[in-house]
Number of protein chains: 2
Amino acid sequence: MFAARGYSGVSMRHISQAVGISAAALYHHFPDKENLYLEAMAHAFTDKAAGITAALEGSGTSLERLERFVDSFTGLMGDDPDFRALLQRELLDGDEIRLKLVAERVFLGPFQAMTALAEELAPECDPHMLAISMAGLVLFHFETAPVRRFLPGGRPEHNDPKIIARHVTRLLSRAFGDG
Amino acid sequence: MFAARGYSGVSMRHISQAVGISAAALYHHFPDKENLYLEAMAHAFTDKAAGITAALEGSGTSLERLERFVDSFTGLMGDDPDFRALLQRELLDGDEIRLKLVAERVFLGPFQAMTALAEELAPECDPHMLAISMAGLVLFHFETAPVRRFLPGGRPEHNDPKIIARHVTRLLSRAFGDG
DNA sequence: ATACTCTTACTTAACGTTCGTTAATGTTGG
DNA sequence: CCAACATTAACGAACGTTAAGTAAGAGTAT
């Protein structure tokens, strides 16, 4: 619900109704709405990054690991749209404390592996920026899904994680493959 | 205010206080909150795309136009953070009608020019997907600004539109520059 | 086995605040 | 004088939250 409607778009009564208990009963389990939200986020974000990091840290050439990363990342975003929405809402609404927490607890591991891969792929490039570019290249295709259908050339298959992965892999391979 | 806090995070009384009139007076100018929001959006989105389209449709080689597009797009996002935030909020919260309206009124022009450029750059590539990739490559650097400072290698200059533009241009040139 | 308490999980009812919105009423410049 | 623009006051609904009470189960002494 937070993924779909945002923090202030979901009331305690909405949640209670969805769970099947009274609104007051929620306060038996969570001290207040903010803590409920934080625990929901912590639950949604737990173990999401493990697969990504594993794909990046496995064996193989840098191009093979790049392809595995893109496959793993697109797969994650395709499988869990709520995770992606929560993430992007947090980027818009999260205060300093929450963003720092998410950065350290969720992003740090995979991001370090991504920068390491970035340095292998393009040593003359800023690894931080290249890592961000790789992630954005994937994420934006999911982020724009609801509007792309109204843009010329938009087809349902463009929302298929496999198709997105192939496109992104090809693009990045062209840039860094024959380095 | 809608860019910073979202639709349900801003009340009519908040707006009235910011404008310096009573909440009731707002209803002299707008029939209700939703229409006020829609007019605010329409205002924020007006003429935003003209510069992008111009950059894409000018003269020069495809690589030159690519560079001009990236410069123009990063400049726009750097100059008007509210526009970017509203755009991303709309992608999260916008219903079908609103998204279709934004797609046709704001995105269609530049997106068509982007797909045309994409076809020149990489005829064997899906132009729709490549256009999205070009946009995402730029936007994600702005979107992640608040969290990148907590990630390794993050430096303030990474938020500089010029630096972002140079990075993205180089990346895309590597992919499509040498045929 | 019965009666007792204690804890856990829940209920209904209500608190005070804020929400979007409307009604009725000034104020004011052309 | 009148249309435009503002005001104050209030409406009912929804908000987050709290208080007080209840039903069910576990553990334990009698």
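Proteins come first, then strands; the chains are lettered A, B, ... in the order of their sequence lines, and each starts at number 1.
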Grab the [atom1]-[atom2] distance between [X] and [N] for me, whole Å please.
| X | N | atom1 | atom2 | result |
| --- | --- | --- | --- | --- |
| A/His29 | C/dA9 | NE2 | P | 6 Å |
| B/His14 | C/dT18 | NE2 | P | 9 Å |
| A/Tyr27 | D/dC15 | OH | C1' | 9 Å |
| B/His28 | D/dA3 | NE2 | P | 13 Å |
| A/Phe30 | C/dC10 | CZ | C1' | 15 Å |
| A/Ile21 | C/dT8 | CD1 | C1' | 13 Å |
| A/Arg5 | D/dA14 | CZ | C1' | 13 Å |
| B/Gln17 | C/dT18 | CD | C1' | 13 Å |

From the set [options], return the single nucleotide nearest to any side-chain atom of [X].
| X | options | result |
| --- | --- | --- |
| A/Ser22 | D/dG16, C/dT11, D/dT7 | C/dT11 |
| A/Ala24 | C/dT12, D/dT7, C/dG20 | C/dT12 |
| B/Asp32 | D/dT17, C/dT21, D/dT7 | C/dT21 |
| B/Met12 | C/dG20, D/dA6, D/dC15 | C/dG20 |

Discussion item. Quick check on D/dC15: is either OP1 or OP2 less than 4.0 Å from any side-chain nitrogen or oxygen of A/Ser11?
Written reply: yes

Item to complete: For residues A/Asp71 and A/Thr74, report the shortest heavy-atom separation together with the two atoms involved.
Response: O-OG1, 3.0 Å

Worksheet item: Under 4.0 angstrom, heavy atoms only, what part of the nucleic acid is A/Val10 near: base, sugar-phosphate, or nothing?
Response: sugar-phosphate

Fill in: SB check B/Arg65 B/Glu57 (cutoff 4.0 Å)
no

Worksheet item: Atom CG of A/Leu101 and atom CG of A/Leu38: how far apart are they, to the nearest 0.5 Å?
Response: 8.5 Å

Practice prompt. Run the numbers on A/Asp95 and A/Lys100 for salt bridge (charged side-chain N to carboxylate O under 4.0 Å, His left out), then give the verdict.
Written response: CA-CA 9 Å; A/Asp95 56 25; A/Lys100 186 170 182 182; over 6 Å; no

Discussion item. When you compare the side chain of B/Ile164 with that of B/Phe73, does any pair of heavy atoms fall below 4.5 Å?
Written reply: no

